[in-house]
Amino acid sequence: MKKKALLTPPRRLFWFSWKLLVAFSLALCILALISLHSSPSTTDLAAASLSRRSRPPSDSFLGRPKIAFLFLTRRNLPLDFLWGSFFENGDVANFSIYIHSAPGFVFDESTTRSHFFFGRQLENSIQVAWGKSSMIAAERLLLEAALEDPANQRFVLLSDSCVPLYNFSYIYSYLIASPKSFVDSFLDAKEGRYNPKMSPAIPKSKWRKGSQWISLIRSHAEVVVDDDIIFPIFGLFCKRRPPVDASKGNMNTKLQKQHNCIPDEHYVQTLLALNELEGELERRTVTYTLWNQSTTKMENKGWHPITFTYANAGPRQIKEIKGIDHVYYETEFRTEWCRNNSTFVPCFLFARKFSQGAAMRLLSEGVVSHFDASALLDKKID
């Protein structure tokens, strides 16, 4: 029996090098496959870029403009009966409806009392958590869907507890008459909100705060949807500080030193400021919120909106909201008088947070009534 000949040192080195080369090549192939599955391909990126380029210019639409009502909901729309009545009094050619709900939730005869909401849910909705960047991700999905219709020229973000304060005709005229977006935006003077790690992409001088509930013109909606720089930074560095937890004892001191950044209160405002668009804004929201500013509750939980119930949603309370004609911003020593094309107007078109009982009272007592909007449309757009 012959023994197998031993490889000479040069041959052993050759075979070892060859095996190492094969292994390295296989590893590169595997990494390439993983990369293809985990990252957008060149084709995908080109398609996304082409989609942006093929979108019609914001000012090129010549037909009857529509308002896109964008509902950001937890699941269903508990006030659908009130909104159904609101849309019944509008021309269907003047509005579109989009709903971001829990993934898989469908609006049909079994889940909503109004046919206006049938099938209006987004198919690509995500799970949303309050105080996290998923909230602004959902807003961007709503805007992206609404931008597919070139007739949509105004975009209003609403919660599932919002109610209209006027009829459709007035709200339509109010929003279409203005060439500006309505975005509550002010300098945030509180320490701890801005994270220095956001610099230099987001300098502190451009850091803004304001209400999540915005109304955008089309060109500003495009800025939000097309942003692929500021949104990822918010995902990394704008996070809510954990609430005080008595069970954690001294650990709370360390936790409360973290930055307390609520993404939906800063993102759109800061993004528009970075794009030098604040001159194109009415720097106020058109959605009213009554805040509980109790010092005790603020220390424990922060300010929270008061819920309107049947008892405190009567004609007197609604009249008071409609009568508000200015907003004062303490951090900027600025009084924002509510105007639309140089015409003084009520500040608010919508209000939150309303219970079902409160919404029912608005309907039964005719609080949401007719309002003559002709004066707004008679004014020339600047």
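Hydrogens, waters and symmetry mates play no part in the numbers below; they use all other heavy atoms, side chains included.
- The main-chain N or O of H115 is never found under 3.5 Å from a side-chain atom of E109 such that the two would form a donor-acceptor pair.
- Of the possible polar contacts, none joining the E365 side chain to the G314 backbone as a donor-acceptor pair under 3.5 Å is found.
- Between Y98 and A68 the shortest heavy-atom distance is CE1-CB, 4.0 Å.
- The number of heavy atoms from other shown groups lying within 6.0 Å of CD (E320) is above 12.
- Aromatic ring centres of F117 and F71: separated by under 6.0 Å.
- Counting only heavy atoms from C-beta outward, the side chains of D184 and V327 never approach each other to under 4.5 Å.
- Contact of the I171 side chain with the F86 side chain is registered, since non-hydrogen atoms from C-beta on lie closer than 4.5 Å.
- If you take CG on L290 and OG1 on T307, they are separated by 10.0 Å, rounding to the nearest 0.5 Å.
- Under the 6.0 Å distance and 45° angle rule, R113 does not count as a cation-pi partner of F81.
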- [ ] Begin with the C-alpha distance, continue with both residues' side-chain angles, and end with the deciding distance and a verdict on side chain to side chain contact (heavy atoms under 4.5 Å, CB included) for M360 and Y310.
- [x] CA-CA 8 Å; M360 187 62 71; Y310 185 93; 5.5 Å; no

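- Here the CD atom belonging to E222 is positioned 11.0 Å from the CG atom belonging to L216, to the nearest 0.5 angstrom.
- In terms of hydrophobic clustering, with Ile, Leu, Val, Met, Phe, Trp and Tyr side chains grouped at heavy-atom distances under 4.5 Å, V286 and Y328 are assigned to different clusters.
- Remark: T270 OG1 to K209 NZ distance equals 11.0 Å, nearest 0.5 Å.
- A donor-acceptor contact shorter than 3.5 Å is absent between the side chain of S85 and the backbone of L82.
- For the residue pair D227 / Y267, a side-chain donor-acceptor distance below 3.5 Å is found, with atom types taken as modelled.
- Classification of the Y174-Y170 ring pair by plane angle, with boundaries at 30° and 60°, yields perpendicular.
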Open item on the list: Before you tell me yes or no, could you show the steps for I97 and F118 under side chain to side chain contact (heavy atoms under 4.5 Å, CB included), namely the whole-Å CA-CA distance, both residues' side-chain angles and the distance that decides it to 0.1 Å?
Closed with: CA-CA 10 Å; I97 298 172; F118 290 174; over 6 Å; no

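- A 6.0 Å sphere centred on CZ of F333 holds no more than 12 heavy atoms belonging to other residues, nucleotides or ligands.
- Nearest heavy-atom pair across S101 and N76 is OG-N, 4.5 Å.
- The side-chain heavy atoms of R339 and F344, taken from C-beta on, include a pair separated by under 4.5 Å.
- Proximity of a side-chain donor or acceptor of S133 to a complementary backbone N or O of F234 within less than 3.5 Å is not detected.
- The closest side-chain heavy-atom distance from F155 to L142 is not below 4.5 Å.
- Put simply, the side chain of N312 never gets that close to the backbone of Q317: no donor and acceptor are under 3.5 Å apart.
- With hydrogens and angles disregarded, a donor-acceptor distance shorter than 3.5 Å links the side chain of R283 to the backbone of S185.
- Residues V128 and A138 share a closest heavy-atom pair of CG2-CB, 3.7 Å.
- Proximity of I230 to I202: side-chain heavy atoms (C-beta onward) are separated by under 4.5 Å at one or more points.
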TODO: Just do the side chain to side chain contact (heavy atoms under 4.5 Å, CB included) check on T331 and D188 with the steps written out, would you?
DONE: CA-CA 7 Å; T331 60; D188 186 13; 6.0 Å; no

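- In terms of heavy-atom proximity, P232 sits nearest to I229 at CD-O, 3.2 Å.
- Contact check for P78 versus D160: side-chain heavy atoms found under the 4.5 Å cut-off.
- Hydrophobic clustering of Ile, Leu, Val, Met, Phe, Trp and Tyr side chains at less than 4.5 Å, counting indirect connections, keeps L187 apart from I214.
- Closest of all the heavy-atom pairs between G104 and S125 is N-OG, 4.5 Å.
- Side chain of W213 to main chain of A351: no donor-acceptor pair is present (N/O by atom type, distance under 3.5 Å, no hydrogens or angles).
- When the side chains of ILVMFWY residues are joined at heavy-atom separations under 4.5 Å, either directly or via intervening members, F231 and V224 end up in a single hydrophobic cluster.
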Open item on the list: F350 vs V156, test: side chain to side chain contact (heavy atoms under 4.5 Å, CB included). Steps then yes/no.
Closed with: CA-CA 10 Å; F350 311 96; V156 181; 3.8 Å; yes

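- For the pair Q212/T287, no side-chain contact is recorded, criterion being any heavy-atom separation below 4.5 Å from C-beta on.
- Note that OH of Y329 and CZ of F186 are 7.0 Å apart. Values are rounded to the nearest 0.5 Å.
- When atom types are taken as modelled, the side chain of R284 and the backbone of C347 share a donor-acceptor pair closer than 3.5 angstrom.
- Between the side chain of R208 and the main chain of S205, a donor-acceptor pair closer than 3.5 Å is present.
- Rounding to the nearest 0.5 Å gives a distance of 10.5 Å between CD of E330 and OG1 of T335.
- Judged by distance alone, the side chain of T111 and the main-chain N or O of V106 form a donor-acceptor pair under 3.5 Å.
- We find that E144 and R140 are not joined by a salt bridge, their nearest charged nitrogen and carboxylate oxygen being 4.0 Å or further apart.
- Between N195 and K239, every side-chain heavy-atom pair lies at or beyond the 4.5 Å cut-off.
- Criterion: ILVMFWY side-chain heavy atoms under 4.5 Å apart, direct or through other members. Under it, V268 and I217 are not part of a common hydrophobic cluster.
- The residue from R154, H220, R218 that alone fulfils the side-chain hydrogen bond (donor to acceptor under 3.5 Å, both in side chains) condition with S181 is H220.
- Ring geometry for F87 versus F69: interplanar angle over 60°, hence perpendicular rather than tilted (30 to 60°).
- The two atoms that bring A313 and A358 nearest to each other are CB-CB, 3.6 Å, heavy atoms only.
- Ring planes of W337 and H326: tilted class, angle from 30 to 60°.
- Here the NZ atom belonging to K66 is positioned 4.0 Å from the CG atom belonging to D149, to the nearest 0.5 angstrom.
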